[in-house]
Number of protein chains: 2
Amino acid sequence: MSNSVPEISDAEFAVLDVLWQHNPANANDIIAKLNETKPWHEKTVKTLLNRLVKKQAISYEKQQRSYLYSPLIERDSYLVKQSKSLVDKLFRGHLSPLITGFAQQSQLKKDDIAALKAIIADWEQEQKDD
Amino acid sequence: MSNSVPEISDAEFAVLDVLWQHNPANANDIIAKLNETKPWHEKTVKTLLNRLVKKQAISYEKQQRSYLYSPLIERDSYLVKQSKSLVDKLFRGHLSPLITGFAQQSQLKKDDIAALKAIIADWEQEQKDD
DNA sequence: TGATTATAATTACACTTGTAATCTAAGTGT
DNA sequence: ACACTTAGATTACAAGTGTAATTATAATCA
């Protein structure tokens, strides 16, 4: 059924990510925002915008001279899909080894721990409900 | 310092993954094992092996006619590195939103929960130790 | 030893990606 | 009305990737 999210390259993702934060936005705004962190040439960003349009990841609507772009794919579902596909590929679908890896590298932050506790509580609640 | 793990493509990863499980192995073994899950032509797998050698991700030693391949990069550190780079890209380094995403999709398995509990316990122990 | 066969090495080829430069058309200032 | 500027559209181009086919070479069988 529905849609199959297009493949988004790393560079394209960075553009999409800006659009998820401020939307709609025109090319210049997007370029300016991106340039806070990436040294990308204006032409490069335009190319990426074009590719995203072609992939139907974003849409645009003519403003005056320029375009106003908006995301077509939803941030949350995209992130979930990408996370899941990495976990499938690296850990055959199991999240725990990923988390363990992070823990061993001491990459867990306090809010991670808080989130984990909440998740466990929810999960156990659900078990009871069944 | 050391090394910087080479970029490994998806197809190359599948080959490396087989080698992590049985090592050393010759091309035919690897091809047979891969063909349990991937419909890849023998020539394709050989190409991937060559590329992995060129990238110094694996090494080989001449057996008789054929080669015996072995991984040069360590599985655990590779997995950690990939996990971390995805989490950096998608969640700016925070693991909790990834886990929350999984939880919402009910993708958490019982062993995931057990692992989470252990991790939390360890983390809290460490806090105390400080 | 010459033909056949197995391996590995080299080459192929289209598509994607990063990273722009060039071209074109539509406003704008004079 | 004409030159300049500013968008977006088109084209470029090398490296990497998926997916092999072709070629060279070494071992083996007849």
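Here is how names work: the chains are called A, B, and so on, in the same order as the sequence lines, proteins then strands, and each is numbered from 1. These numbers come from the heavy atoms of this one structure, side chains and all, not from hydrogens, waters or symmetry mates.
Crowding of B:Lys110 atom NZ: a count of heavy atoms from other residues, nucleotides or ligands under 6.0 Å exceeding 12. Within a 6.0 Å sphere centred on CD of B:Glu42, heavy atoms belonging to other residues, nucleotides or ligands number more than 12.
Base engagement by A:Asn50 is indicated by at least one non-hydrogen atom pair under 4.0 Å involving a base atom.
With a 4.5 Å cut-off on side-chain heavy atoms, B:Leu98 and B:Leu90 do not count as touching. Annotation: side chain of A:Leu86 is not in contact with side chain of A:Gln82 (no heavy-atom distance under 4.5 Å). Contact of the A:Lys84 side chain with the A:Asp88 side chain is registered, since non-hydrogen atoms from C-beta on lie closer than 4.5 Å.
Atom CG of A:Asn26 is separated from atom P of D:dG8 by 7 Å (rounded to the nearest Å). Distance CD (A:Gln64) to P (D:dA7): 9 Å, rounded to an integer number of Å.
For residues 12-34 of chain A, the pairs satisfying salt bridge (Lys or Arg N to Asp or Glu O under 4.0 Å) are A:Glu12-A:Lys55, A:Asp17-A:Arg75, A:Asp17-B:Arg92, A:Lys33-A:Glu36, with sequence neighbours left out.
Annotation: proximity of residues 35-46 of chain B to DNA chain D (heavy atom, distance under 4.0 Å) is found for B:Trp40, B:His41, B:Lys43, B:Thr44, numbered in ascending order.
The shortest heavy-atom contact between B:Trp40 and B:Ala14 is CH2-CB, 3.7 Å.
Contact check, A:Tyr67 against D:dT6: no side-chain N or O comes under 4.0 Å of OP1 or OP2.
Chain B approaches DNA chain C within less than 4.0 angstrom (heavy atoms of the protein), and the contacting nucleotides run 5' to 3' from C:dA6 to C:dA12.
Classified by interplanar angle (parallel below 30°, tilted 30° to 60°, perpendicular above 60°), the ring pair B:Trp20/B:Phe13 is perpendicular.
Residues passing the side-chain hydrogen bond (donor to acceptor under 3.5 Å, both in side chains) test with A:Lys89, sequence neighbours excluded: B:Asp10. Taking B:Ser96 as the reference, A:Asp112 meet the side-chain hydrogen bond (donor to acceptor under 3.5 Å, both in side chains) condition, with sequence neighbours excluded.
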### Query
How does each nucleotide of nucleotides 11-17 of chain D score, in 5' to 3' order, for protein heavy atoms under 4.0 Å: base (B), sugar-phosphate only (S), or none (-)?
-B----S
